[in-house]
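Residue numbers begin at 1 in each chain, while the letters A, B, ... track the order of the sequences.
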Amino acid sequence: IAGITQAPTSQILAAGRRMTLRCTQDMRHNAMYWYRQDLGLGLRLIHYSNTAGTTGKGEVPDGYSVSRANTDDFPLTLASAVPSQTSVYFCASSPQFAITYGYTFGSGTRLTVV
Amino acid sequence: AQTVTQSQPEMSVQEAETVTLSCTYDTSENNYYLFWYKQPPSRQMILVIRQEAYKQQNATENRFSVNFQKAAKSFSLKISDSQLGDTAMYFCAFMKQSNTGKLIFGQGTTLQVKP
């Protein structure tokens, strides 16, 4: 089934540990995004990529890094996790030619940093 | 910078009745796009409806319609004949006309449809 796959579905992580959230899409979409969802704050953009090889910072990039080595994969890395990074993380994508039509979302990763 | 505000954290409605969710936004842009997304308990984000700012006609998708007031920067969602499956969190979102496609979301409104 075409779409976005995120892994893991959920994770409990010790503070200070490094963690990579995986995101893979099979729709050949150029644009990809990482958001975090927090109650009362909605979804906030962490990082984005408009095409393979390029990335940009969103609203809340501190403590996170991304890479875009190819079209399909867009991993999000927490170098040294802190409790404030406890959240639900969503990966999303969109074709560049239809970018104003909204995103396809993954099913999210629930991360708890203790 | 653009902002999106949903001032109703929680709402409820009886099955088969109509409910309206509010959304306001702030922007200096003239060309932009507005969206409503639904997030049921499954956590999946589902696009409900989309509005292009240059179109005066309000968008409609079956039981879902919007009241787009560009001058007032208001974009409310009306759900008619509410169904139990409409129970979800609803997010209003804004995207300006650009090649980056960044969506700015509101805080969300949790809607419960009661039998």
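- Of the listed residues (Gly56(A), Ala31(A), Gly40(A), Ser49(A)), the greatest number of heavy-atom pairs within a distance under 4.5 Å of chain B belongs to Gly40(A).
- Residue Asn62(B) qualifies as open at atom CG: its count of foreign heavy atoms under 6.0 Å is 12 or below.
- For Ile12(A), the CD1 atom is loosely surrounded, since the number of other residues' heavy atoms within 6.0 Å does not exceed 12.
- Of the two parts of Leu41(A), only the backbone, made up of N, CA, C and O, holds a non-hydrogen atom closer than 4.5 Å to a non-hydrogen atom of chain B.
- Residues Ile104(B) and Ile46(A) do not share a hydrophobic cluster, clusters being chains of Ile/Leu/Val/Met/Phe/Trp/Tyr side chains in contact below 4.5 Å.
- Neither the backbone nor the side chain of Thr51(A) comes within contact range of chain B, judged by heavy atoms closer than 4.5 Å.
- Of the residues considered (Gly108(B), Ser42(B), Cys92(B), Gly106(B)), Gly106(B) shows the highest number of contacts with chain A, using heavy-atom pairs under 4.5 Å.
- Dense packing is recorded around NZ of Lys70(B), with more than 12 heavy atoms of other residues, nucleotides or ligands lying under 6.0 Å away.
- Under the 4.5 Å side-chain contact rule for hydrophobic residues, Tyr33(B) and Phe68(B) do not share a cluster.
- Across every non-hydrogen atom of Gln44(B) and Gly106(A), the tightest pair is NE2-O, 3.8 Å.
- Of the inter-residue distances, the one linking Leu43(A) atom CG with Gln107(B) atom CD reads 11.5 Å to the nearest 0.5 angstrom.
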Test log, rule side-chain contact (heavy atoms from CB on, under 4.5 Å), inputs Phe90(A) and Gln39(B): CA-CA 12 Å; Phe90(A) 284 96; Gln39(B) 186 182 46; 3.2 Å; yes
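- Proximity to chain B is absent for every atom of Ser94(A), based on heavy atoms less than 4.5 angstrom apart.
- Note: the hydrophobic cluster containing Met95(B) does not contain Tyr25(B) (ILVMFWY, side chain heavy atoms under 4.5 Å, direct or indirect links).
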Verdict with reasoning, Arg43(B) to Phe105(A), per side-chain contact (heavy atoms from CB on, under 4.5 Å): CA-CA 10 Å; Arg43(B) 204 166 70 191; Phe105(A) 281 87; over 6 Å; no
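- In this structure, the portion of Tyr35(A) lying under 4.5 Å from any heavy atom of chain B is its side chain and not its backbone.
- Neither the backbone nor the side chain of Glu59(A) comes within less than 4.5 Å of any heavy atom in chain B.
- The two residues Lys102(B) and Leu45(A) make their nearest non-hydrogen contact at CD-CD2, 3.3 Å.
- For the pair Arg44(A) and Phe105(B), the cation-pi test (distance below 6.0 Å, angle within 45°) is failed.
- Cluster membership for Leu47(B) and Val66(B), using ILVMFWY side-chain heavy atoms within less than 4.5 angstrom, is not shared.
- If you chain together hydrophobic residues whose side chains sit under 4.5 Å apart, Trp34(A) and Leu111(A) fall into the same group.
- Looking only at distances, no side-chain donor or acceptor of Arg50(B) sits under 3.5 Å from a matching main-chain atom of Gly102(A).
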Stepwise side-chain contact (heavy atoms from CB on, under 4.5 Å) check, Leu103(B) with Tyr33(A): CA-CA 9 Å; Leu103(B) 268 176; Tyr33(A) 309 87; over 6 Å; no
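- Within a 6.0 Å sphere centred on CZ of Arg17(A), other residues, nucleotides and ligands contribute 12 heavy atoms or fewer.
- Leu39(A) CG to Thr110(B) OG1: the interatomic distance, rounded to the nearest 0.5 Å, is 7.0 Å.
- In plain terms, the two heavy atoms of Tyr103(A) and Tyr37(B) that are nearest each other are N-OH, 3.0 Å.
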